[in-house]
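Below is one structure, written out as structure tokens; comments come after it.
Predicted model only: the values in this text are computed from it and were never measured.
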Amino acid sequence: MDTAPLPDADSPAGKGKALVDDTAAAIRARILSGEIPIGAQLRQVELAEMLGVSRTPVREALRQLQAGGLIEVLPNRGAVVRVPAPWEVREAYEIRAELEGLACVRAVHAVTPDVLRELREANETVRAVSRGVRDASGGPAPGEGSSPASSPSASPSTSANDCFHTLIHTVAGNRRLARAIKDVNEAFPRNVSALVLQDNPRHREDNIREHERIVEALAAEDAERARSEMKAHVISAGEQLARWYEQRSATVFRG
């Protein structure tokens, strides 16, 4: 079967494609971090100025992101950051639960005392940040913004939580599996997951205890228990995220 040749990386076409890909990656990173919030309009001129490129790669990058489902084009509004439907969240997390459960099974016999220590340290960071989310006056904890969405960088809790999961993916030793999990995670803005934890003290505590049970199963080299604990953990996180979207009407984001 004849196929069209790929453009040479040094050719004008190759350089143009690389610029579009880089532009799409930059916009995606800002959406996933919450710097560009859910429901926000994506104006080509503003994005071009922000990224220091012309409108052409921005236009093509937006088409790429639209094809990936991260943005959508609405009548009279143009391109906006797409608000995921709750059923999409549940479906995605059902897949993620199976993938992360498999990662636990693969990691069981490869985990070392140092890895277990790192997992526990990451979870302790989540616990410490969780206890400091609100001070006695009910305001933000010292050193933190009022919301993860206020900064493009991840909150300490989100970073520690991501570290916990990524460490297991790495120890599992399957790059395709890790990539598949990453693809599911990048389907939704990460700052929203942080907001879910911030808004729900009980869910924060459940999240920490679930991590503890996963570590215990890995330490015991109990593959099926580790798989079961991880699947339950991910499904619970997905349900909390889906409910967060359900409780907020489209008008909250789209105005």
**OP:** Using modelled atom types only, decide if a donor and an acceptor are shared between the side chain of Arg227 and the backbone of Gly101 within a distance under 3.5 Å.
**Re:** no

Subject >> Heavy-atom neighbours of Glu124 CD exceed 12 at 6.0 Å >> reply: yes

Original post:
Hey, what do you get for CD (Glu246) to CG (Leu241), rounding to the nearest 0.5 Å?
Top reply: 10.5 Å

Subject >> Joint hydrophobic cluster, Val234 plus Val171, side-chain heavy atoms closer than 4.5 Å >> reply: yes

Original post:
Honestly curious: do Leu119 and Val108 fall in one hydrophobic cluster under the side-chain, below-4.5 Å linking rule?
Top reply: yes

Subject >> Arg30 vs Met50, side chain to side chain contact (heavy atoms under 4.5 Å, CB included): CA-CA, chis, key distance, verdict >> reply: CA-CA 11 Å; Arg30 284 165 170 77; Met50 178 193 301; 3.2 Å; yes

Subject >> Distance-minimising heavy-atom pair for Val89 and Gly238 >> reply: CG1-O, 3.5 Å

Subject >> Minimal non-hydrogen separation, Ile71 against Ala79, with atom names >> reply: CD1-CB, 4.3 Å

**OP:** Show the numbers, then the answer: is there a salt bridge (charged side-chain N to carboxylate O under 4.0 Å, His left out) between Arg28 and Glu186?
**Re:** CA-CA 9 Å; Arg28 182 185 297 109; Glu186 291 185 349; 5.1 Å; no

**OP:** Over all heavy atoms of both residues, which pair between Ala24 and Leu65 is shortest? Give the atoms and the distance, please.
**Re:** O-CD2, 3.9 Å

Original post:
Ile31, Val53: one ILVMFWY side-chain cluster at the under-4.5 Å cut-off?
Top reply: yes

Original post:
Nearest 0.5 Å, what's the OG1-CG distance between Thr112 and Leu218?
Top reply: 11.0 Å

**OP:** Given side chain to side chain contact (heavy atoms under 4.5 Å, CB included), test Glu98 with Lys231 step by step and report yes or no.
**Re:** CA-CA 6 Å; Glu98 294 294 335; Lys231 287 176 63 176; 3.1 Å; yes

**OP:** Show your reasoning for whether side chain to side chain contact (heavy atoms under 4.5 Å, CB included) applies to Phe188 and Leu70.
**Re:** CA-CA 8 Å; Phe188 311 107; Leu70 194 58; over 6 Å; no

Subject >> Nearest heavy-atom neighbours spanning Arg225 and Ala220 >> reply: NH1-CB, 4.4 Å

**OP:** Of all the heavy-atom pairs spanning Asp21 and Gln64, show the shortest one and how long it is.
**Re:** OD1-NE2, 3.2 Å

Original post:
Ion pair present between Arg209 and Glu212, side-chain N to carboxylate O less than 4.0 angstrom?
Top reply: no

Subject >> Heavy-atom pair of closest approach, residues Val184 and Ala92 >> reply: CG1-O, 3.5 Å

Subject >> Verdict with reasoning, Lys17 to Glu60, per salt bridge (charged side-chain N to carboxylate O under 4.0 Å, His left out) >> reply: CA-CA 9 Å; Lys17 183 180 185 304; Glu60 295 303 315; over 6 Å; no

Original post:
Where does the angle between the aromatic ring planes of Phe164 and His211 fall among parallel (under 30°), tilted (30 to 60°) and perpendicular (over 60°)?
Top reply: parallel

Subject >> side chain to side chain contact (heavy atoms under 4.5 Å, CB included) partner of Glu72, chosen from Val83, Val81, Val80 >> reply: Val80

Subject >> CD on Gln44 to OG1 on Thr56, rounded to 0.5 Å >> reply: 8.5 Å

Original post:
Are the side chain of Asp222 and the backbone N or O of Ala217 linked by a donor-acceptor pair below 3.5 Å?
Top reply: no

**OP:** Output the distance between atom SG (Cys163) and atom CD (Glu121), rounded to the nearest 0.5 Å.
**Re:** 9.0 Å

Original post:
Atom CD in Glu49, atom CZ in Arg55: separation rounded to 0.5 Å?
Top reply: 10.0 Å

Original post:
Under 3.5 Å, side chain of Ser228 to main-chain N/O of Glu224, donor-acceptor pair present?
Top reply: no

Original post:
Do you reckon Ile168 sits in the same ILVMFWY cluster as Leu177, going by side-chain contacts under 4.5 Å, direct or chained?
Top reply: no

Original post:
So, are Glu94 and Arg90 salt-bridged, with charged N and O less than 4.0 Å apart?
Top reply: no

Original post:
Are Ile235 and Ile214 connected, step by step, through hydrophobic side chains (Ile, Leu, Val, Met, Phe, Trp, Tyr) whose heavy atoms are closer than 4.5 Å?
Top reply: no

Original post:
Mind checking whether Leu51 and Asp22 have side chains closer than 4.5 Å, heavy atoms only?
Top reply: no

**OP:** May I ask you to decide if Thr166's main-chain N or O and Thr170's side chain share a donor-acceptor pair within less than 3.5 Å?
**Re:** yes

Subject >> Donor + acceptor pair across side chains of Glu100, His169 (<3.5 Å) >> reply: yes

Subject >> CZ (Arg202) with more than 12 external heavy atoms under 6.0 Å >> reply: no

Subject >> Working for side chain to side chain contact (heavy atoms under 4.5 Å, CB included), residues Asn161 and Asn207 >> reply: CA-CA 9 Å; Asn161 187 76; Asn207 185 64; 3.5 Å; yes

**OP:** Check the pair Gln240, Asp206 against side-chain hydrogen bond (donor to acceptor under 3.5 Å, both in side chains), reporting the backbone distance first and the verdict last.
**Re:** CA-CA 11 Å; Gln240 293 294 331; Asp206 287 345; over 6 Å; no

Original post:
Roughly how far, to the nearest 0.5 Å, is the CG atom of Leu32 from the CD1 atom of Ile27?
Top reply: 12.0 Å

Original post:
Do the side chain of Arg77 and the main chain of Val73 share a donor and acceptor less than 3.5 angstrom apart?
Top reply: no

Original post:
Do the side chains of Arg204 and Arg127 get nearer than 4.5 Å, heavy atoms only?
Top reply: no

